[in-house]
K.L.:
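Quick one: structure below, then a few questions.
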Amino acid sequence: MKKHTLTLDIDFEDESPLLDDTVILFFQTDTPNYLFADDLNHLYRLAFARIDDIPLLDASWPLYTYHDPLRLLNYYLVDSSIKQSNNPTILQSKILIIRGEDAIDEAEKILRDFNEPPTHDTLLLHEADNRNEILLSYQQQLTSVTRYNTEAPLPSSRKAAKERQELDNFLTALLDHLDLNHL
């Protein structure tokens, strides 16, 4: 008797909220959230708007959003550096989440801008000077910008692994909140 094996090729959707079209950047800066949002608006021709704070982990976090209808990108700026009496700050940074098909390219551009010396580009001279002024100011403040790597191995120390897990939990809760509220 001949045996037949039935194989099913099922493509399960990734249950992780950290999807391919989502990039998360961390900015280590003391700049107040409203000024930082305004600077990003000037640098990248965005129009961040402040909306209600996000209630997460027994605390509330300032949130700014912008939807770019031409590039079909959604931007979310969360200030996680606000000290909360009922919840210690998980991060000491601003979190920029970019969602959309070109999110990776946009994030790479932002990383380059903040990590390389500014140059005069094809913008009008006045706009280029203003843009360079903003970027130079952040570089002089030693503003660190890093991209969250979902595939980074877990740290070997228990403390660092616990902190990474707390960060992962926070980001998952944040992305879930954005999805559930259709932001």
Side-chain angles (χ1 to χ4, degrees), residues 17-18 22-69 71 73-100 103 106-119 121 123 126-149 163-164 166-183:
L18 303 174
T22 300
V23 179
I24 301 172
L25 299 176
F26 298 106
F27 293 81
Q28 302 292 330
T29 179
D30 293 334
T31 303
N33 54 36
Y34 59 92
L35 288 176
F36 187 70
D38 189 54
D39 285 341
L40 290 178
N41 286 342
H42 289 295
L43 289 169
Y44 302 106
R45 296 182 181 181
L46 306 175
F48 273 114
R50 173 78 186 261
I51 63 172
D52 292 337
D53 290 357
I54 295 178
L56 288 177
L57 307 174
D58 298 325
S60 59
W61 311 90
L63 174 65
Y64 296 80
T65 64
Y66 173 66
H67 171 71
D68 185 334
R71 294 184 293 173
L73 290 171
N74 291 311
Y75 297 82
Y76 308 94
L77 179 62
V78 179
D79 189 350
S80 63
S81 62
I82 303 294
K83 299 262 186 238
Q84 313 252 346
S85 60
N86 58 344
N87 191 357
T89 303
I90 292 178
L91 303 170
Q92 291 294 325
S93 62
K94 314 276 190 272
I95 302 170
L96 178 63
I97 300 169
I98 306 171
R99 286 184 151 176
E106 185 68 10
E108 290 301 321
K109 182 172 106 178
I110 293 170
L111 282 167
R112 237 184 350 268
D113 285 348
F114 275 82
N115 291 317
E116 295 176 3
T119 59
D121 48 17
L123 296 173
H126 174 72
E127 287 182 23
D129 286 343
N130 187 29
R131 187 172 199 285
N132 288 342
E133 245 178 65
I134 294 170
L135 289 171
L136 274 172
S137 171
Y138 281 103
Q139 288 178 356
Q140 289 170 350
Q141 295 173 22
L142 301 176
T143 299
S144 164
V145 183
T146 55
R147 180 176 171 185
Y148 182 70
N149 183 357
E163 289 172 354
R164 168 69 185 271
E166 288 174 356
L167 174 61
D168 288 347
N169 292 343
F170 177 76
L171 292 174
T172 299
L174 176 59
L175 292 173
D176 285 347
H177 180 84
L178 295 174
D179 289 341
L180 290 172
N181 291 294
H182 306 288
L183 298 176

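Side chains are part of it too, since the values below use all heavy atoms of this structure and drop only hydrogens, waters and symmetry mates.
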K.L.:
Distance from Glu163 atom CD to Phe170 atom CZ, nearest 0.5 Å?
P.N.:
14.5 Å

K.L.:
Salt bridge (charged side-chain N to carboxylate O under 4.0 Å, His left out) with Asp39: which residues, sequence neighbours excluded?
P.N.:
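Salt bridge (charged side-chain N to carboxylate O under 4.0 Å, His left out) check on Asp39 returns nothing, list empty.
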
K.L.:
Please tabulate, for side-chain N and O atoms in residues 49-56, each donor-acceptor pair with protein atoms closer than 3.5 Å (sequence neighbours left out).
P.N.:
| from | atom 1 | to | atom 2 | distance (Å) |
| --- | --- | --- | --- | --- |
| Arg50 | NH2 | Asp53 | OD1 | 2.5 |

K.L.:
Taking side-chain contact (heavy atoms from CB on, under 4.5 Å) as the definition, give me every residue that meets it alongside Leu35, ordered by chain and number, with sequence neighbours left out.
P.N.:
Thr31, Pro32

K.L.:
Please check if the side chain of Ser80 supplies one atom and the backbone of Lys94 the other of a donor-acceptor pair under 3.5 Å.
P.N.:
no

K.L.:
Rounded to the nearest 0.5 Å, what's the gap from OG on Ser93 to CG on Leu25? Could you check?
P.N.:
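Separation between the atoms: 10.5 Å.
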
K.L.:
Considering residues at least two apart in sequence or located in another chain, which fulfil the ring-ring contact (aromatic ring centres under 6.0 Å, His included) criterion with Phe48?
P.N.:
none

K.L.:
Assert yes or no for the condition that the ring centre distance of Phe114 to Tyr138 is strictly below 6.0 Å.
P.N.:
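Close enough - the centres of the two rings lie under 6.0 Å apart.
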
K.L.:
Output the distance between atom CG (Leu43) and atom CD1 (Ile134), rounded to the nearest 0.5 Å.
P.N.:
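One finds 4.5 Å between CG of Leu43 and CD1 of Ile134.
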
K.L.:
So, using salt bridge (charged side-chain N to carboxylate O under 4.0 Å, His left out) as the criterion, who are the partners of Arg71 when residues are at least two apart?
P.N.:
Asp68, Glu106

K.L.:
Please enumerate all residues that pass side-chain hydrogen bond (donor to acceptor under 3.5 Å, both in side chains) together with Tyr34, with sequence neighbours excluded.
P.N.:
none

K.L.:
Roughly how far apart are Tyr75 OH and Ile97 CD1, rounded to 0.5 Å?
P.N.:
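If we round to the nearest 0.5 Å, Tyr75:OH and Ile97:CD1 are 13.5 Å apart.
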
K.L.:
Can you measure from OH (Tyr64) to CG (Asp38) and round to the nearest 0.5 angstrom?
P.N.:
9.5 Å

K.L.:
Please report the interatomic distance CG(Asn33) to CG(Asp79), rounded to the nearest 0.5 Å.
P.N.:
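With rounding to 0.5 Å, CG (Asn33) is 4.5 Å from CG (Asp79).
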
K.L.:
Closer than 3.5 angstrom, by distance alone: can the side chain of Gln139 be matched with the main-chain N or O of Glu116 as a donor-acceptor pair?
P.N.:
yes

K.L.:
Does Phe27 form a side-chain contact (heavy atoms from CB on, under 4.5 Å) with Leu96? I'd like the steps, not just the answer.
P.N.:
CA-CA 8 Å; Phe27 293 81; Leu96 178 63; 3.7 Å; yes

K.L.:
Will you find, in the side chains of Tyr44 and Asp113, an N or O donor that is under 3.5 Å from an N or O acceptor?
P.N.:
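A donor-acceptor contact under 3.5 Å links the two side chains.
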
